[in-house]
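Notes follow the structure.
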Amino acid sequence: MKNSKYSEKVLRDPVHGDVIIRKPDELDIVDTEEFQRLRGIKQLGTASLVYPCALHTRFDHSLGTLFVTDKIIRSMERLNGGRVATEEEESLVRLAALIHDVSHIPYGHTLEDERHIFERHDDPARFAWFLNQGEMADKLRSMKISLEIEKLLNKTHENKFLSEIISGSICADLLDYLARDSYFCGISHKYDERILRYFRTENGIFYIDCQKDGIIRDDVLSEVINLLRLRYFMSERVYFHHAKTASGAMISKAVETAMKNGMKKQELFPLTDEGLLTMLELKYGHIKSIRSLTYGIKTRRLYKRCYILTKKIGLKRQEELITDYHINKQKRDEAESYLTKKLHIQEGDLIIYCPGSNMSLKEANVMVKTDRNAPKKLSSLNIPEIKALEEKHKDLWKFYVFMAPYLSDRIKQISRACEDFFKEANHLASLQSGQSFFEF
């Protein structure tokens, strides 16, 4: 779409400052119904129940990802002495950065990654659904770039580094959400934007240049490690906070119950966070457990931890639990039903939460160059702090059973029932006593 009268649009962002919409095509995408829907999907799901100002959205984050993408490309061009991609490719990457989260559903990471009800938002089939129907799809078709955008988002584009700029190990997506999440959660930890100067591409590999004239640059490498520290810190304090996890489990249980009563996955695609809660109340509010769960979310009457298992149970047992209660939705449902009946409590008053095995610190897989040889994975450098951060991140894995708050006076009875069923002693008391994972 050509428009000789178009002038750049400047949007003010509290994290990055001015975000510039350079072309009319970009503004056309921002103005579509599908992109505007992202205003109603909070970036951190239920984290605002823990950090009250964590109300930023996928809309804000998408604009921020565009900003960081642009900075990375401009930096690479300056250091390369010219373009690292064609003008057409740069336009595609900018649009893909804007669009990269359009397939998110309300509370998406909770429903997809944590409770494992649906496939991930970046599954090719989900992207295809969002990019091939509706107002945004019409805009992309009119620009004749639908297929190229899908390739970039699905990481099948012939120039692989273009996709890596948006969604690699350390990328524009990560660099925006770490800065944005910490800002809106009121957390002072930050990374130095100076790191944006050191992104390079070589033989199609997107990497961070941590050397000069074949000699390692400790200042650049330390800043990369600082990013991993920040990623771990945010995981510990925010992403896996127990109250966020409990509230996410409540929403997941409500959605799962609605699915059993006729709700289709596609019904969530056009919804916002508030829209989902409203639909659950209006369409499925006659089901007592759904009514109680949505009321609990709206009034912050959150479920309580009554049973916890940590990695102390050993890798083999952890893998068994993940297979049985993360991957196998039916077995998880049967376990919840069994415990509910055994304890003579209401359906939905007990929720099993078992995260998957993907607790690795993927940022450690970023490609770095530390000498004149080809770039290699950061994790391959055998740096003790990297190894320690990777292990600490894996240690964030916790298996929970949550109970409705009115059951608090029965916690010992519920704990014993869980211990009998799962054949593992409850780790909750050890955690509440202040002992670290390594102490108990």
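By convention here, the first residue in the shown sequence is residue 1.
- Taking the six-membered ring for Trp and the full ring otherwise, the centers of Y51 and F184 sit at least 6.0 Å from each other.
- Not one N or O on the side chain of N365 forms a donor-acceptor pair closer than 3.5 Å with the backbone of L378.
- Electrostatic pairing of E135 and R141 does not count as a salt bridge here, judged by no charged N lying under 4.0 Å from a carboxylate O.
- Remark: side-chain polar atoms of E34 are paired, donor with acceptor, to backbone N or O of M136 under 3.5 angstrom.
- Not a single donor-acceptor pair under 3.5 Å links the side chain of D13 to the backbone N or O of V19.
- Salt bridge absent: D209 and K369 never bring a charged side-chain N and a carboxylate O closer than 4.0 Å.
- If you run side-chain contact (heavy atoms from CB on, under 4.5 Å) between F161 and each of N203, I205, T201, only T201 comes through.
- Here D60 contributes atom CG and D101 contributes atom CG; the two are 11.5 Å apart, rounded to the nearest 0.5 Å.
- The residues R332 and E256 are annotated as salt-bridged, a charged nitrogen and a carboxylate oxygen being separated by less than 4.0 angstrom.
- Contact detail for F402 and A249: the closest heavy-atom pair is CD1-CB, 4.1 Å.
- Summarising the geometry, atom NZ belonging to K288 is positioned 13.5 Å from atom CD1 belonging to I290; distances are rounded to the nearest 0.5 Å.
- Proximity of E112 to I105: side-chain heavy atoms (C-beta onward) are separated by under 4.5 Å at one or more points.
- In this structure, K387 places its NZ atom where more than 12 heavy-atom neighbours from other residues, nucleotides or ligands lie under 6.0 Å away.
- Residues F130 and F35 place their aromatic rings such that the two centres sit no closer than 6.0 Å.
- V224 has its side chain out of reach of E363: every pair of non-hydrogen atoms, C-beta onward, lies at least 4.5 Å apart.
- Taking a 6.0 Å sphere around OH of Y295, one finds it holds 12 or fewer heavy atoms contributed by other residues, nucleotides or ligands.
- Taking a cutoff of 4.0 Å between a charged side-chain nitrogen and a carboxylate oxygen, E334 and K331 do not qualify as a salt bridge.
- Between the OG1 atom in T46 and the CZ atom in R300 there is a gap of 9.5 Å [rounded to 0.5 Å].
- Taking every heavy atom of both residues into account, L38 and T57 meet most closely at O-CB, 3.4 Å.
- S91 and K23 share a side-chain donor-acceptor pair at under 3.5 Å.
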Does the side-chain contact (heavy atoms from CB on, under 4.5 Å) test come out yes or no for L280 and I251, once each step is laid out? CA-CA 10 Å; L280 289 171; I251 287 174; 5.6 Å; no

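- No side-chain donor from either of H189 and S182 sits under 3.5 Å from a side-chain acceptor of the other.
- Contact annotation: the side chain of Y303 approaches that of D349 to within less than 4.5 Å [non-hydrogen atoms, C-beta and beyond].
- Aromatic ring pairs are classed by plane angle as parallel below 30°, tilted from 30° to 60° and perpendicular above 60°; the pair H121 and H104 is parallel.
- Annotation: K190, atom NZ; neighbour count of heavy atoms from other residues, nucleotides and ligands within 6.0 Å does not exceed 12.
- Although no hydrogens or angles enter the test, the distance criterion places no donor-acceptor pair under 3.5 Å between the side chain of R115 and the main chain of K329.
- Atom CD of Q266 is surrounded by more than 12 heavy atoms from other residues, nucleotides or ligands within 6.0 Å.
- Shown here for C354 and W397, the closest heavy-atom pair between the two residues is SG-CZ2, 4.1 Å.
- By the 4.5 Å heavy-atom criterion applied to side chains, E114 and Y353 are counted as neighbours.
- Ion pairing between a basic and an acidic side chain is recognised when a charged N comes within 4.0 Å of a carboxylate O; R194 and D192 show no such pairing.
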Let me check something: any side-chain donor-acceptor pairs from residues 234-241 under 3.5 Å, sequence neighbours excluded? List them with distances.
unit_1: S235; atom_1: OG; unit_2: R231; atom_2: O; d: 2.9
unit_1: S235; atom_1: OG; unit_2: R231; atom_2: NH1; d: 2.4
unit_1: S235; atom_1: OG; unit_2: H393; atom_2: NE2; d: 3.2
unit_1: E236; atom_1: OE2; unit_2: Y232; atom_2: OH; d: 3.3
unit_1: Y239; atom_1: OH; unit_2: D181; atom_2: OD2; d: 2.8
unit_1: H241; atom_1: ND1; unit_2: A243; atom_2: N; d: 3.0

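- Of all the heavy atoms in L55 and S48, the pair that sits closest is CD2-CB, 3.6 Å.
- Between the side chain of Y191 and the backbone N or O of L178 there is no donor-acceptor pair closer than 3.5 Å.
- Under the 4.0 Å criterion applied to side-chain N and carboxylate O atoms, E89 and R83 are not assigned as salt-bridge partners.
- Put simply, the side chain of I322 does not reach to within 4.5 Å of the side chain of Y325, judged on heavy atoms.
- D122 and H100 share no donor-acceptor pair across their side chains, judged by distance under 3.5 Å alone.
- By the 4.5 Å heavy-atom criterion applied to side chains, Y207 and K377 are not counted as neighbours.
- How far CG of L293 is from OG of S252: 10.0 Å, rounded to the nearest 0.5 Å.
- Residues V68 and C171 fail the side-chain proximity criterion, which asks for heavy atoms closer than 4.5 Å.
- Surrounding NZ of K264 are at most 12 heavy atoms belonging to other residues, nucleotides or ligands under 6.0 Å away.
- Ion pairing of E26 with R94 is present here, as a side-chain N (NZ or NE/NH1/NH2) and a carboxylate O approach within less than 4.0 Å.
- Ionic pairing of D31 and K139 is not present here: no N-O contact between side-chain nitrogen and carboxylate oxygen is shorter than 4.0 angstrom.
- For the atom pair CD1 (I411) and OH (Y307), the distance works out to 13.0 Å, reported to the nearest 0.5 Å.
- A donor-acceptor pair under 3.5 Å is absent between the side-chain atoms of T69 and the main chain of I166, judged by distance alone.
- Side-chain atoms of S247 come within 3.5 Å of backbone atoms of K244 as a donor-acceptor pair (strictly under, hydrogens ignored).
- The distance from atom NE2 of H61 to atom CG of D173, rounded to the nearest 0.5 Å, is 4.0 Å.
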Verdict with reasoning, D138 to Q133, per side-chain hydrogen bond (donor to acceptor under 3.5 Å, both in side chains): CA-CA 7 Å; D138 292 342; Q133 57 188 303; over 6 Å; no

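- Side chain of N226 to main chain of S222: no donor-acceptor pair is present (N/O by atom type, distance under 3.5 Å, no hydrogens or angles).
- A cation-pi geometry, defined here as NZ or CZ lying under 6.0 Å from the six-membered ring centre and within 45° of its normal, holds between R39 and F59.
- Remark: the D333 side chain and the Q330 side chain contain no N/O donor-acceptor pair separated by less than 3.5 Å.
- Summarising the geometry of L276 relative to L271, their closest heavy-atom pair is CA-CD1, 3.9 Å, with the distance given to 0.1 Å.
- Taking both residues in full, the closest heavy atoms of K304 and S408 are given as CG-OG, 4.1 Å, listed atom of the first, atom of the second, then distance.
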Yes or no on salt bridge (charged side-chain N to carboxylate O under 4.0 Å, His left out) for K298 and E274, after CA distance, side-chain angles and deciding distance? CA-CA 10 Å; K298 287 198 164 188; E274 196 60 38; 3.4 Å; yes

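- A distance below 6.0 Å separates the ring centres of F399 and F422.
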